[in-house]
Amino acid sequence: MGLSLGSADPLDERHLARLECLARRFEPALVSEHLSWSSVGARHANDLLPLPYTEEALDHVVERIERVQERLGRRILVENVSSYLEFAHSTLPEWEFVSEAARRSGCGLVLDVNNVWVNSVNHGFDARRYIAAIDPQAVGEIHLAGFERAGDLLIDTHGARVSAEVWALYRAALERIGARPTLIEWDTELPALDVLLDEARIARSHLASLERASAEMA
Amino acid sequence: MSACLRATQLELLEAILAAPGVVSSAGLEVYRRNVGASLASALAAAYPVVRRLVGESFFEEAAARYARANPSASGDLHDYGESLAAFLEVYEPARGLACLPDVARLEWACHQSHHAADAGPFDAAALRDVAADALGEVRFTLHPATHLMRSFHPIAAIWEANQPHRDGTPERLEGPDHVVVRRADGRVRVERVDPAEWTLLAAFAAGASFEAASAALAPGDAERVLAASLARLVRDAVICGFTLPAGNA
């Protein structure tokens, strides 16, 4: 968090040094950051802001991912973010931007299925087409979460149950990509523990039925 | 490089941080609310005693005004809010509560203490190895989680009285406080200390040698504080190490 990977500012060397120190100390299996920006001109929004999906932004973010990977001495994963506005001068669909960023930099992806759904409603695209464009080999982890509706927009709040549409899209993603470690993000308006356990149970049952299906095919 | 990208980002961030009422869209409002909510909750988390002293709605309004004038300058929200005390000093509606800025400073010290790095244990064996005639040159190092505060107001008593399990009535209503903030077993502690002990620690914090720090105390005080405090300050990890100038090692 907080690296502001897509920012036009120079990479925050202090933040990067702290991240490097953290990764060295705890040797996590995966290190990831969002495919977005959160600061420019040394002012921070502390929020995940969308990039314009242009060749210029793609070149920039690929170079930044490469720098971070070199510095940490490991492949990182980048995660697609939810967004509430689009840039009129974007020239690429989001899924192409995300796939190309991974392909060119060699990084992996955290595929946030809820963010795909939220953006498909907010910006009017076909969520399944997005999933279909993602290279299965690149995906190292899947995220799920709940959203809230505010007028015409869906807002990624991490404060509700995963919706039926997102479970269906998760299922489609698993069928295309294969089983992946799945994280349900719920960090506001925390519910009772049994609600969380039930969400985890649903995710597990999707993963298990996928494994059964692939065993039968084999 | 990225000339257009930079312009796009500057424009969007400017629009998000703009004052309410400036032309907006539903999407922009989502980001404005997110940013406002993150900063407000960062301030509320760092300043629970200030919040309790002034009440929730007063705090919310003050925090919103502070946030508009002070955008975040770090990707880590734990860094946000350092200058709230300075803001409160000139915040007209808070004029009636003279102690408020110093209470805010104390809370910021607690916040920093909570998030400070760990330090290894004090190397007592290494101190024993220092030659007797070089002891005066020893420079003690304060633990990264140790902070010193002093105020003309009884800030330690006010802080203590406004912890969640307390009813808000301070044990002392006036008089200055010399305070050491330290961390023990992962918990931040606020302790009122003897002014002479505080002066000694402040000298250590400024990098003074043991000899110079002792000389900063009144003659009788020096021996009394050194005898009573030093072992405890090391045991409580207020002091976590020492250095010697090159040539004395």
Side-chain angles (χ1 to χ4, degrees), chain A residues 1-12 14-16 18-19 21 25 33 36-61 63-64 82-90 118 122-123 148 150-157 188, chain B residues 1-19 22-46 63 66-83 115-120 144:
Chain A
M1 287 294 287
L3 192 56
S4 200
L5 198 53
S7 170
D9 276 356
L11 265 174
D12 182 342
R14 180 172 159 264
H15 196 103
L16 199 52
R18 291 167 76 183
L19 182 62
C21 179
R25 180 160 173 191
E33 181 53 281
S36 63
W37 61 284
S38 43
S39 61
V40 70
R43 290 196 297 177
H44 290 251
N46 302 100
D47 197 6
L48 305 170
L49 304 175
L51 283 162
Y53 299 129
T54 60
E55 291 293 340
E56 181 207 17
L58 185 56
D59 287 344
H60 179 65
V61 82
E63 188 202 314
R64 303 264 286 199
S82 55
S83 62
Y84 311 107
L85 44 81
E86 290 183 290
F87 295 96
H89 64 286
S90 283
V118 162
N122 291 349
H123 310 312
E148 272 167 36
D152 294 333
L153 290 174
L154 300 189
I155 313 213
D156 173 36
T157 55
T188 59
Chain B
M1 177 215 67
S2 303
C4 175
L5 180 62
R6 164 168 289 275
T8 303
Q9 291 183 342
L10 285 169
E11 194 184 345
L12 177 57
L13 189 62
E14 190 60 44
I16 291 171
L17 300 179
V22 172
V23 178
S24 185
S25 66
L28 204 53
E29 282 304 320
V30 175
Y31 292 110
R32 282 187 179 169
R33 273 199 305 275
N34 282 353
V35 172
S38 319
L39 299 187
S41 68
L43 292 173
Y66 174 80
R68 275 202 291 283
N70 298 274
S72 165
S74 167
D76 181 354
L77 272 175
H78 292 134
D79 293 338
Y80 188 70
E82 179 171 13
S83 59
H115 292 288
D118 282 329

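Hydrogens, waters and symmetry mates are skipped; everything else that's a heavy atom, side chains included, is used. Residue numbers start from 1 in every chain, and the chains themselves are labelled A, B, ... in the order their sequence lines are given, proteins ahead of strands.
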Relative to chain B, which segment of [X] carries a heavy atom at a distance below 4.5 Å: side chain, backbone, both, or neither?
X        : result
A/Ser7   : both
A/Leu48  : backbone
A/Thr188 : neither
A/Asp152 : neither

For B/Leu5, run the side chain to side chain contact (heavy atoms under 4.5 Å, CB included) check against A/Val61, A/Leu51, A/Val40, A/Asp59 and tell me which one passes. A/Leu51
Taking the side chain as every heavy atom from C-beta outward, state whether A/Leu49 and B/Ile16 have any atom pair closer than 4.5 Å. yes
So for [X], is it side chain, backbone, both, or neither that comes closer than 4.5 Å to the heavy atoms of chain A?
X       : value
B/Glu14 : both
B/Leu10 : both
B/Asn70 : neither

Closest contact, heavy atoms only, B/Leu13 versus A/Arg43: CD2-O, 3.4 Å
Show the nearest heavy-atom pair for residues A/Ala45 and B/Val35, with the distance to one decimal. O-CG2, 3.5 Å
From [X] [atom1] over to [Y] [atom2], what is the distance, rounded to the nearest 0.5 angstrom?
X       : Y        : atom1 : atom2 : answer
B/Glu29 : A/Leu153 : CD    : CG    : 11.0 Å
B/Cys4  : A/His60  : SG    : NE2   : 12.0 Å
A/His44 : B/Leu39  : NE2   : CG    : 11.5 Å
A/Glu56 : B/Thr8   : CD    : OG1   : 7.0 Å

Would you tell me whether A/Asn46 and B/Ser72 have side-chain atoms, one donor and one acceptor, within less than 3.5 Å of each other? yes
Ranked by heavy-atom pairs below 4.5 Å to chain B, first place among A/Asn122, A/Thr54, A/Leu85 goes to A/Leu85
Any sub-3.5 Å donor-acceptor pair from B/Tyr31's side-chain atoms to A/Tyr84's backbone N or O? yes
Report yes or no: does B/Gln9 contribute a side-chain atom to a donor-acceptor pair with the main-chain N or O of A/Gly6 at less than 3.5 Å? yes
